[in-house]
Amino acid sequence: MRIGLYGLPTAGKTFILDAVRNFEVLAGSSLLKTLAPDFHSLTVEEKTCVRKQMAMQLKEKNDFIMDGHYSFGDEVVFTEKDGELYDAILYLYVEPAILEKRMGDSVRNKKYLAFDVAKWQMFELESLRQYCHKHNKDFYVLDHPGKGYFPDISAVLEFIDSLAEGYSCVSYARKCAENIGRKIEARTICLTDGDKTLTIEDSSGVLGYKTHIFDGNFYTGFQAWRHSREMANFLRFIDWTHQPFEKLGVRLNHSVIERIKMPCVILTTGYCEIWKEIANELKMQMYCGEQMSAETKYFTAKFLQEKGIKIVAYGDSMNDYYMLRQADEGYLIAKADGTISRSLKHMNTEGITIV
């Protein structure tokens with residue numbers, strides 16, 4: 001497996017790479033200088049050629065992680081050869097104010113303060129996410145909403161270890177699509193979110209569980225992976241015995257359920273034990289777990305479409321956004337007051353029907 005670790009200057013990529021286990025660590029800038037000792041004095045075109053040359057040479061290697069830059073301000077340096085090289089791309093997100101402080105304290109990186117750091121970072125992140133969607137590659141945003149950076153990188157290192165062990169939202173989506181296609185012969189299939197879409201309440205919320213993991217609004221596999229572990233730890237310390245979902249206070253959203261007129265599959269990041277019961281009640285297939293992310297939902301829709309299946313999708317938040325955009329028909333569930341999730345505040349919902 002080959003992994004690219006991206007992020008703005010001063011984000012802390014080197015700090016993480018210095019501690020990585022289970023992968024050979026490569027320094028992209030050092031390799032470029034090995035190929036071209038005068039790299040920094042080359043023209044833009046010459047630098048691009050060297051980057052492509054390095055990427056082509058590294059395709060002969062495996063099981064490594066390497067840092068990279070998508071752009072420098074308004075100059076994009078990422079090439080198609082870079083993208084082809086990696087199986088997964090990690091993006092290290094740091095709060096813009098923290099990045100600006102670090103850049104200001106660095107003689108070498110102070111020049112980047114001439115750019116809008118917040119816009120620059122989101123441009124890189126969204127561009128790489130779009131690239132991975134197009135080319136069926138795993139994409140994960142590494143963020144720490146509580147601090148805005150990683151004072152402790154243990155969770156990041158554990159996640160990278162999980163990648164070495166086979167964690168992959170794209171692979172899981174393929175399995176979901178294969179299972180769905182095998183079990184359902186219909187040429188139109190509905191994919192739906194669970195919490196706040198098929199139900200009025202959040203399945204884990206009724207148990208008293210609250211999280212800040214999704215506060216960054218990224219919903220990639222890294223957040224799903226952390227959420228799964230946090231939820232498991234939460235359940236260990238509460239006095240909870242299994243009860244029917246109605247007794248727990250989870251109500252079905254019949255206004256949505258009644259709209260669904262075709263075979264339907266639930267893709268949820270909610271509490272699996274409750275959703276197994278709900279899926280059985282609704283006579284629907286259900287897929288959940290630590291690899292169920294916004295990307296998993298998106299790729300499941302995409303891979304089913306590649307089999308010639310029309311996709312109708314329902315969801316309520318950013319976790320469903322890419323699935324809704326990819327679907328042949330996407331339906332966004334509004335709140336009771338008619339507004340949509342705050343997580344979608346700045347997203348383009350054109351082509352998605354709000355219900």
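One is the number of the first residue; the rest follow in order along the sequence.
With sequence neighbours excluded, no residue forms a side chain to side chain donor-acceptor pair (under 3.5 Å) with Asn62. Taking the side-chain contact (heavy atoms from CB on, under 4.5 Å) definition, one finds that Thr43 meets it with Glu45, Glu46, sequence neighbours left out. A search for ring-ring contact (aromatic ring centres under 6.0 Å, His included) contacts involving His133 returns Tyr298, Phe299, Tyr322, not counting sequence neighbours. Applying the side chain to side chain donor-acceptor pair (under 3.5 Å) rule to Asp82 yields the partners Thr79; only residues at least two apart in sequence or on another chain are considered. Residues passing the side-chain contact (heavy atoms from CB on, under 4.5 Å) test with Lys247 are Gln243, Pro244, sequence neighbours excluded. For Asp202, there are no salt bridge (Lys or Arg N to Asp or Glu O under 4.0 Å) partners, not counting sequence neighbours. The disulfide bond (SG atoms under 2.5 Å apart) search around Cys272 returns Cys288, not counting sequence neighbours. Remark: Ile200 engages Arg251, Asn253 in a side-chain contact (heavy atoms from CB on, under 4.5 Å) (not counting sequence neighbours). Taking Glu124 as the reference, Leu8, Tyr70, Ser71, Tyr91, Trp120 meet the side-chain contact (heavy atoms from CB on, under 4.5 Å) condition, with sequence neighbours excluded.
Residue pairs meeting the disulfide (SG to SG under 2.5 Å) criterion with at least one member in residues 125-236: none, sequence neighbours excluded. Residue pairs satisfying the ring-ring contact (aromatic ring centres under 6.0 Å, His included) criterion with at least one member in residues 18-57, sequence neighbours excluded, are absent. Residue pairs meeting the ring-ring contact (aromatic ring centres under 6.0 Å, His included) criterion with at least one partner in residues 330-355, sequence neighbours excluded, are Tyr314-Tyr331.
Nearest heavy atom pair, residue Ala55 against residue Leu85, reads O-CD1, 3.6 Å.
No side-chain heavy atom of Asp63 sits under 4.5 Å from any side-chain heavy atom of Glu24. Looking at Phe78 and Tyr131, their side chains come closer than 4.5 Å, going by heavy atoms from C-beta outward.
Exactly one residue among Tyr149, Phe150, Tyr93 makes a ring pair (Phe, Tyr, Trp, His ring centres under 6.0 Å) with His144. That residue is Phe150.
Taking a 6.0 Å sphere around CZ of Arg21, one finds it holds more than 12 heavy atoms contributed by other residues, nucleotides or ligands. Taking a 6.0 Å sphere around CZ of Phe72, one finds it holds more than 12 heavy atoms contributed by other residues, nucleotides or ligands. The environment of Arg342 atom CZ is sparse: at most 12 non-hydrogen atoms of other residues, nucleotides or ligands sit within 6.0 angstrom. Around the CD atom of Gln130, the shell of radius 6.0 Å holds no more than 12 heavy atoms that belong to other residues, nucleotides or ligands.
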* Residues Thr220, Glu295; criterion side chain to side chain contact (heavy atoms under 4.5 Å, CB included); working and verdict -> CA-CA 6 Å; Thr220 69; Glu295 265 65 42; 3.7 Å; yes

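In the model, Asp152 has a side-chain atom that pairs as donor or acceptor with a side-chain atom of Ser154 under 3.5 Å. Side-chain atoms of Glu230 and Thr211 include a donor-acceptor pair closer than 3.5 Å. For the residue pair Ser203 / Asp195, a side-chain donor-acceptor distance below 3.5 Å is found, with atom types taken as modelled. Side-chain atoms of Asn136 and Lys302 include a donor-acceptor pair closer than 3.5 Å. For Asp143 and Gln223, the side-chain atoms include at least one donor-acceptor pair closer than 3.5 Å. With no hydrogens or angles considered, a side-chain donor-acceptor pair links Asp138 and Ser168 at under 3.5 Å.
Salt-bridge formation is not detected for the pair Glu158/Arg229: no Lys NZ or Arg NE/NH1/NH2 atom is positioned less than 4.0 Å from an Asp or Glu carboxylate oxygen. A salt bridge does not link Lys137 to Glu84: none of the charged side-chain nitrogens sits closer than 4.0 Å to a carboxylate oxygen.
If you look at Phe214 and His227, their ring centroids are closer than 6.0 Å.
Annotation: cation-pi pair Arg2/Tyr86 absent, no NZ/CZ under 6.0 Å from the ring centroid and within 45° of its normal.
Relative ring orientation between Tyr140 and Phe159 is described as perpendicular, the plane-to-plane angle rising above 60° on a 0-90° scale split at 30° and 60°.
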